[in-house]
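Input: a single structure, listed below in structure tokens.
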Amino acid sequence: SATMETAPRYLYKVLSSDDWNKSKYVVRLPPMDSAFVHFSTEEQLEKIIEKYWSGIAEFVILKIDRQKLIGYLVFENNPGGTTKYY
């Protein structure tokens, strides 16, 4: 796992336009983020968009200042994968 000091300043989260439009004061996250929120680094963002969002006409990219996050930040690979994400 990574500490807050070694993590990049900004992390990114891609949301559907529908989830974003449902968000008023609290961001509505998809079910896959119910246990924890999946973030991307700036370097990973293009690959994530290409893999999961290429067929979607509209989506929203949130740029998150990790210094404003509360909770525990973990840098780990997806089950069965080798690429690490926050």
Side-chain angles (χ1 to χ4, degrees):
S1 69
T3 65
M4 290 292 278
E5 294 79 33
T6 60
R9 171 73 187 262
Y10 296 103
L11 296 172
Y12 297 85
K13 180 68 186 168
V14 183
L15 293 176
S16 68
S17 293
D18 187 48
D19 283 338
W20 178 249
N21 290 333
K22 290 177 189 173
S23 303
K24 297 233 185 253
Y25 301 103
V26 176
V27 174
R28 302 288 179 193
L29 296 172
M32 69 180 260
D33 289 305
S34 62
F36 56 89
V37 179
H38 301 78
F39 289 111
S40 301
T41 63
E42 186 173 1
E43 295 78 21
Q44 295 168 326
L45 192 55
E46 186 175 334
K47 185 175 180 182
I48 292 296
I49 291 169
E50 185 178 297
K51 185 172 182 178
Y52 296 105
W53 299 92
S54 63
I56 309 298
E58 288 187 340
F59 52 87
V60 175
I61 300 172
L62 302 179
K63 183 177 182 180
I64 309 296
D65 183 343
R66 65 149 175 86
Q67 293 179 338
K68 295 183 180 184
L69 292 175
I70 57 172
Y72 184 62
L73 185 65
V74 177
F75 188 58
E76 63 186 1
N77 53 320
N78 289 339
T82 57
T83 303
K84 292 189 173 199
Y85 298 94
Y86 288 95

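For the numbers below, each heavy atom of this structure counts, side chains included, while hydrogens, waters and symmetry mates do not.
You'll find the side chain of Tyr85 stays beyond 4.5 Å of the side chain of Glu76, heavy atoms only. Side-chain contact between Tyr86 and Thr41 is present, with at least one heavy-atom pair separated by less than 4.5 Å.
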Between Asp19 and Val60, is a side chain to side chain contact (heavy atoms under 4.5 Å, CB included) present by the stated rule, with each step listed?
CA-CA 9 Å; Asp19 283 338; Val60 175; over 6 Å; no
Mind running side chain to side chain contact (heavy atoms under 4.5 Å, CB included) on Tyr10 and Ile64 for me, showing each step along the way?
CA-CA 5 Å; Tyr10 296 103; Ile64 309 296; over 6 Å; no
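Looking at Asn21, its side chain does come within 3.5 Å of a backbone N or O of Ser17 through a donor-acceptor pair. Of the possible polar contacts, one joining the Gln44 side chain to the Lys84 backbone as a donor-acceptor pair under 3.5 Å is found. Panel note: side chain Lys13, backbone His38; a donor-acceptor pair is recorded below 3.5 Å.
With rounding to the nearest 0.5 Å, the separation of CD1 in Ile48 from OG1 in Thr83 is 8.5 Å. From Leu62, atom CG reaches atom CZ of Phe39 across 8.5 Å, with rounding to the nearest 0.5 Å. Atoms CG and OH, from Leu45 and Tyr12 in turn, are 7.0 Å apart once rounded to the nearest 0.5 Å.
Among residues at least two apart or in separate chains, salt bridge (charged side-chain N to carboxylate O under 4.0 Å, His left out) pairs with a member in residues 56-65 are Arg9-Asp65.
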Using residues 49-56 as the side-chain source, report each donor-acceptor pair under 3.5 Å to any protein atom, sequence neighbours left out, with the distance given to one decimal.
unit_1: Ser54; atom_1: OG; unit_2: Glu50; atom_2: O; d: 3.2

